Amino acid sequence: MVTPGLVVQGQAAPFSTALRSLVNNPWYSDVRFVVGQEQQEVFAHRCLLACRCKFFQRLLGTEPGPGVTSPVVLSTVPAEAFLAVLEFLYTNSVKLHRHSVLEVLTAAVEYGLEELREVWEVKTGLVLLLGIWLCLEFVVKVLDVELVCEALQVAVTFGLGPLQEQCMAFIETHCQEALRTRGFLELSAAALLPLLRSDKLCVDEAELVQAARSWARVGAAVLERPVAEVAAPVVRELRLALLAPTELSALEEQNRQEPFIPVEQIVEAWKCHALRRGAAARGAPCHRRRGTLPRDHHCFLDHPF
């Protein structure tokens, strides 16, 4: 009969501290990275990365042999985020900060660290144990007007449904402030669409139309494409029928000078006014949002607030 052995557990803290000392340490390092636009050199240990992460296993190879002598270039991930990923891989813990947590989350998803995206347990302070993508919960805790649109973009890009729901709820409540942020102007069309489809936005339609125009102008400048072309995937979600006739006339004139909204969409809004029925003009959304300011013609809309 074989006598079972005794498993002796040492203290975790000294072990973690020792491994943390190896993060970006050239001592026995056999792989180098050149990271971010700043091209920062980062040292690591091939066997540890390969056994902890399938991305690095594929990147560095699975066969034993001499270390990778040429640096591995990772230009798209900021150095701070990459070092945070390494810290987690070495020690199974990491300290996250508000200003970089979205970059860390993005790096983790890109590197295929699926188990690290799960929200498990949050410890005190900024130290999140048991998985770096506990940072999903961390992001929710630190959401504010300046961060929320960037977080929404990350959530939409990587299919992080719970984070997207939290961001949507925050923007719906703080819509006017969020529309004025740089993060809003940098949203993709895919991230802007769910916002424009929401009935819960605490903003008037006239302000939302102008914000969408500003968004399209920025996109047009970046992509070197016409404003109307950039706006095409989202502009149908604007509820022009909610605008008063004077506002619609002013919008129509502005649209002649700078095409932004399809002419037929403006015509549909005019039909609502002429027929005094929102549903009479098909394709003209007329649901009032939470922040829609009352106008005289709203009493004729088919969908009361």
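All values derive from a computational prediction rather than experimental measurement. Side chains included, hydrogens not; waters and symmetry mates left out as well; all remaining heavy atoms used.
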Review point. When clusters are formed by joining ILVMFWY residues with side-chain heavy atoms under 4.5 Å apart, either directly or through shared neighbours, do L22 and V31 land in the same one?
Key: yes
Review point. Near E264 CD, under 6.0 Å, is it more than 12 heavy atoms from other residues, nucleotides or ligands?
Key: yes
Point to revise | Pair W215, E186: side-chain N/O donor-acceptor within cut-off below 3.5 Å | key: no
Exercise for review: Give, for atom CD of E253 and atom CD of Q257, the distance between the pair rounded to the nearest 0.5 Å.
Suggested key: 5.0 Å
Check your understanding: Among L48, L49, T91, which one satisfies side chain to side chain contact (heavy atoms under 4.5 Å, CB included) with L86?
Key -> L49
Point to revise | Summary of ring pair (Phe, Tyr, Trp, His ring centres under 6.0 Å) pairs that have at least one residue in residues 224-261, sequence neighbours excluded | key: none
**Study point:** Partner set under side-chain contact (heavy atoms from CB on, under 4.5 Å) for R217, not counting sequence neighbours
**Key:** R213, V227, Q254, E258
Practice item. Answer whether the closest heavy-atom distance between the side chains of L238 and L208 falls below 4.5 Å. Key: yes
Check your understanding: Does R197 use its side chain to pair, donor to acceptor, with the backbone of L192 at less than 3.5 Å?
Key -> no
Study note, to complete from the structure: Of all heavy-atom pairs linking C167 and A151, the shortest is SG-CB, 3.6 Å
**Study point:** Linked, directly or transitively: F82 and V73 (ILVMFWY side chains, under 4.5 Å)
**Key:** no
**Study point:** S198 side-chain N/O to P194 backbone N/O, donor-acceptor pair under 3.5 Å
**Key:** no
**Study point:** Electrostatic pair D204-R295, nearest N-O below 4.0 angstrom
**Key:** yes
Review point. Got more than 12 heavy atoms from elsewhere within 6.0 Å of CZ, R182?
Key: no
Review point. Tell me, do R32 and V42 make a side-chain contact under 4.5 Å, heavy atoms counted?
Key: no
Exercise for review: For residues W27 and S21, determine if any side-chain heavy atom of one lies less than 4.5 Å from a side-chain heavy atom of the other.
Suggested key: no
Check your understanding: Is it true that a side-chain atom of T181 and a backbone atom of A178 form a donor plus acceptor pair closer than 3.5 Å?
Key -> yes
Review point. With a cut-off of 6.0 Å (strictly less than), are more than 12 heavy atoms of other residues, nucleotides or ligands near CD of Q11?
Key: no
Check your understanding: Rounded to the nearest 0.5 Å, what separation is found between the CG atom of L201 and the SG atom of C175?
Key -> 4.5 Å
Practice item. Look at atom CD of E41 and say whether more than 12 heavy atoms of other residues, nucleotides or ligands are closer to it than 6.0 Å. Key: yes
Check your understanding: Would L152 and V154 satisfy side-chain contact (heavy atoms from CB on, under 4.5 Å), going step by step from the backbone distance to the final call?
Key -> CA-CA 5 Å; L152 175 63; V154 171; over 6 Å; no
Review point. Taking atom types as modelled, is there a side-chain donor on Q153 or T157 under 3.5 Å from an acceptor on the other?
Key: yes
Practice item. Using atom types as modelled and distance alone, determine if a side-chain donor or acceptor of S16 lies under 3.5 Å from a backbone N or O of A12. Key: no
Review point. Side chains of F184 and R180: does their closest heavy-atom pair fall under 4.5 Å?
Key: no
Study note, to complete from the structure: When every non-hydrogen atom of A269 is compared with those of L240, the smallest separation belongs to CB-CB, 3.7 Å
Review point. Is the closest side-chain heavy-atom distance between L83 and Q40 below 4.5 Å?
Key: yes
Practice item. Report yes if the side chains of L187 and V156 come closer than 4.5 Å at any heavy-atom pair, otherwise no. Key: no
Review point. Counting only N and O atoms by type, is there a donor-acceptor contact under 3.5 Å from the side chain of E237 to the main-chain atoms of L196?
Key: no
Check your understanding: Can you check whether R289's main-chain N or O pairs, donor with acceptor, with D199's side chain at less than 3.5 Å?
Key -> no
Review point. Shortest non-hydrogen contact from A81 to V77?
Key: CB-CG2, 4.1 Å
Check your understanding: For Y90, which residues count as a ring pair (Phe, Tyr, Trp, His ring centres under 6.0 Å) partner, sequence neighbours excluded?
Key -> H45
Review point. Within a strict 4.5 Å, meaning less than it, do heavy atoms of the V267 and K271 side chains meet?
Key: yes
Review point. So do L179 and E177 actually touch side chain to side chain, heavy atoms under 4.5 Å?
Key: no
Check your understanding: Are any side-chain N or O atoms of R46 and backbone N or O atoms of L60, one a donor and one an acceptor, separated by less than 3.5 Å?
Key -> yes
Check your understanding: Looking at CG of L243 and CD of E205, how far apart are the two atoms once the value is rounded to the nearest 0.5 Å?
Key -> 6.5 Å
Study note, to complete from the structure: Smallest heavy-atom separation, P245 atom then W270 atom, equals O-CH2, 3.5 Å
Review point. Which atom pair, heavy atoms only, marks the closest approach of A241 to H273?
Key: O-NE2, 4.0 Å
Exercise for review: Group every Ile, Leu, Val, Met, Phe, Trp and Tyr by side-chain heavy-atom contacts under 4.5 Å, then state whether V23 and L19 land in the same group.
Suggested key: yes
**Study point:** Distance, nearest 0.5 Å, that separates CG of N24 from CD of E87
**Key:** 11.5 Å
Check your understanding: Would E207 and Q176 count as having a side-chain donor-acceptor pair, cut-off 3.5 Å?
Key -> yes
Point to revise | Exam field: side chain H298 to backbone P294, donor-acceptor pair closer than 3.5 Å | key: no
Review point. With a 6.0 Å cut-off on ring centres, are F43 and Y28 close enough?
Key: no
**Study point:** V230 versus A216, closest heavy-atom pair with distance
**Key:** CG1-O, 3.9 Å
Study note, to complete from the structure: One should read off an interatomic distance between I266 CD1 and N255 CG, to the nearest 0.5 angstrom, of 4.0 Å
Point to revise | Rounded distance (nearest 0.5 Å) linking atom CG of L293 with atom CG of L242 | key: 10.5 Å
